[in-house]
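These notes concern the structure reproduced below.
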Amino acid sequence: MDIGFIGLGLMGQPMALNLARAGMPLVVWNRTADRSETPRAAGAEVAADPAEVFRRARVVFLMLADGAAIDSVLGRGTPRFGQNVARRVIVHMGTTSPAYSSALEADILAAGGDYVEAPVSGSRGPAEAGRLVAMLAGRPAAVEEVRPLLRPMCHETIVCGPVPAALLMKLSVNLFLITMVTGLAEAVHFADRHGLDLRLLLDVLGSGPMASDVSRVKALKLVERDFTAQASIADVLKNNRLIAEAARQSGVAAPLLDVCHALFGETLALGYGRSDMVTVVRAIEARTGSTQGAQE
């Protein structure tokens, strides 16, 4: 049977494209139809609607924005839901709350389907290069069926246990990413306001023990004022909220995340929702401006 892929957004389109280029029998669908043209040109077939994807594919990957989008595509809460998921493996690759994922798994299993969490670590660049890291959770047989299908998209697949362990792992990774990039933005802002050569700062950061693929890419974007989205402010703020909710529900302190939450919210309010996460520097600059104004 075909492999299905629904959701061809910032991340989903390059992921599906890599599946098509690998020669997999792929059928795709996206609410905005023109997003399907690039995978079509690479050999994928384009379905008329989500129901066609479910009819044709045993394994269906979902790379959708939130639970509401997933429920809509699956027909959850309607008779279509059982028709869509029975005898299928539904693979949830986006980021939602762990509680939502657990409830979705229960509904899919009850309807005669199977379910795998497979959220990924990496932004658009790694998605285009097929260098994402997938975290997997679900019943072992379903996980092992899905795992080899991820190879064109992911250079690593790590099994985390039962649902919702993969999403909890993804939130842990994102907590580190959000606080790290926010700290990097503040460091570049600090150096800039002290008149330092920011290219030298790139050299120091890139040569030292704190260097990483993320720090090199994001520091360069900050220095060049390149705010083109790899992971948008709005998406990062959504992830921040999910982590904060999970932390509150389990009684876990997350003080650095709380500061980042405020800064990303301020960046969104400034009108940068579609810009890259490094644009959080704009909120930091605004705070500096307010401080300087108060001193004057």
Side-chain angles (χ1 to χ4, degrees), residues 3-7 11-12 15-16 18-19 58-67 69-70 74 85 88-110 113-124 126-127 129-181 212-214 231 235-236 238-254 256-257:
I3 297 164
F5 199 106
I6 297 176
M11 293 286 290
M15 292 164 69
N18 283 330
L19 288 173
R58 166 159 170 79
V59 176
V60 180
F61 293 104
L62 304 179
M63 192 61 178
L64 295 165
D66 52 32
I70 294 170
L74 292 176
V85 306
R88 304 293 187 270
V89 182
I90 307 302
V91 186
H92 172 22
M93 299 195 75
T95 306
T96 60
S97 74
Y100 169 84
S101 184
S102 293
L104 179 60
E105 180 192 41
D107 286 351
I108 289 174
L109 294 180
D114 221 325
Y115 177 76
V116 173
E117 285 181 344
V120 293
S121 179
S123 58
R124 185 172 177 86
R131 301 287 295 173
L132 297 168
V133 176
M135 293 148 277
L136 305 178
R139 299 200 298 187
V143 168
E144 290 311 309
E145 181 175 356
V146 168
R147 199 173 189 182
L149 303 179
L150 295 167
R151 288 176 187 146
M153 300 182 285
C154 306
H155 77 109
E156 291 284 352
T157 56
I158 298 169
V159 178
C160 300
V163 172
L167 271 168
L168 286 168
M169 188 70 73
K170 172 67 185 294
L171 296 183
S172 301
V173 171
N174 280 1
L175 198 162
F176 178 46
L177 173 66
I178 291 167
T179 55
M180 177 177 67
V181 173
S212 68
D213 290 345
V214 171
D235 188 53
V236 172
K238 182 198 84 170
N239 278 268
N240 197 314
R241 288 172 179 150
L242 289 172
I243 301 166
E245 288 169 5
R248 283 195 300 270
Q249 289 169 4
S250 56
V252 173
L256 292 179
L257 185 74

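Computation of the quantities below employed the complete heavy-atom set of this structure, encompassing side-chain atoms and omitting hydrogens, waters and symmetry-equivalent molecules. Please read these numbers as outputs of a predicted model, since none were measured by experiment.
Closest approach of Pro119 and Ala166 over heavy atoms only: CG-O, 3.6 Å. Nearest approach of Ala118 to Val91, heavy atoms of both residues: CB-CG1, 3.7 Å. In terms of heavy atoms, Leu19 sits closest to Leu149 at CD2-O, 3.4 Å. Here the shortest heavy-atom pairing between Met93 and Val120 reads CE-CG1, 3.7 Å. Across all non-hydrogen atoms, the minimal contact from Val163 to Ser101 is CG1-OG, 3.8 Å. Across all non-hydrogen atoms, the minimal contact from Met135 to Met169 is SD-CG, 3.7 Å.
For the pair Ser102 (side chain) and Ala99 (backbone), a donor-acceptor distance under 3.5 Å is absent. Counting only distance, with no hydrogens or angles, the side chain of Glu105 and the backbone of Tyr115 share no donor-acceptor pair below 3.5 Å. Under the 3.5 Å distance criterion, the side-chain polar atoms of Asn18 are matched with a main-chain donor or acceptor of Ala127.
For the atom pair CD1 (Ile108) and CD1 (Ile90), the distance works out to 5.5 Å, reported to the nearest 0.5 Å. To the nearest 0.5 Å, the span separating CG on Asn239 from CG on Asn174 amounts to 4.5 Å. Annotation: the span from Leu256 atom CG to Thr179 atom OG1 amounts to 6.0 Å, rounded to 0.5 Å. Atom OG of residue Ser97 and atom CG of residue Leu104 lie 10.5 Å apart, to the nearest 0.5 angstrom. Once rounded to the nearest 0.5 Å, the distance linking CG of Asn240 with CD1 of Ile178 reads 4.5 Å.
Surrounding CZ of Arg147 are more than 12 heavy atoms belonging to other residues, nucleotides or ligands, all under 6.0 Å away. Remark: Asp66 CG is packed, more than 12 non-hydrogen atoms of other residues, nucleotides or ligands lying under 6.0 Å away.
Side-chain contact check for Ser121 and Lys170: no donor-acceptor pair (N or O, by modelled atom type) lies under 3.5 Å.
Side-chain contact between Leu242 and Thr95 is present, with at least one heavy-atom pair separated by less than 4.5 Å. Taking 4.5 Å as the limit, every side-chain heavy atom of Leu136 sits out of range of all side-chain heavy atoms of Cys160. Residues Val133 and Cys154 fail the side-chain proximity criterion, which asks for heavy atoms closer than 4.5 Å. Taking 4.5 Å as the limit, every side-chain heavy atom of Leu132 sits out of range of all side-chain heavy atoms of Leu150. Counting heavy atoms from C-beta on, the side chains of Leu109 and Arg139 come closer than 4.5 Å. A heavy-atom distance below 4.5 Å is not found between the side chains of Val146 and Glu144. Using a 4.5 Å cut-off on side-chain heavy atoms (C-beta onward), Met15 and Phe61 make no contact. At a threshold of 4.5 Å between non-hydrogen side-chain atoms, the residues Ile6 and Leu64 count as touching.
For the pair Glu145 and Arg58, the salt-bridge criterion is met [side-chain N within less than 4.0 Å of a carboxylate O].
Using bins of under 30°, 30° to 60° and over 60° for the plane-to-plane angle, the ring pair His92/Tyr100 lands in the perpendicular bin.
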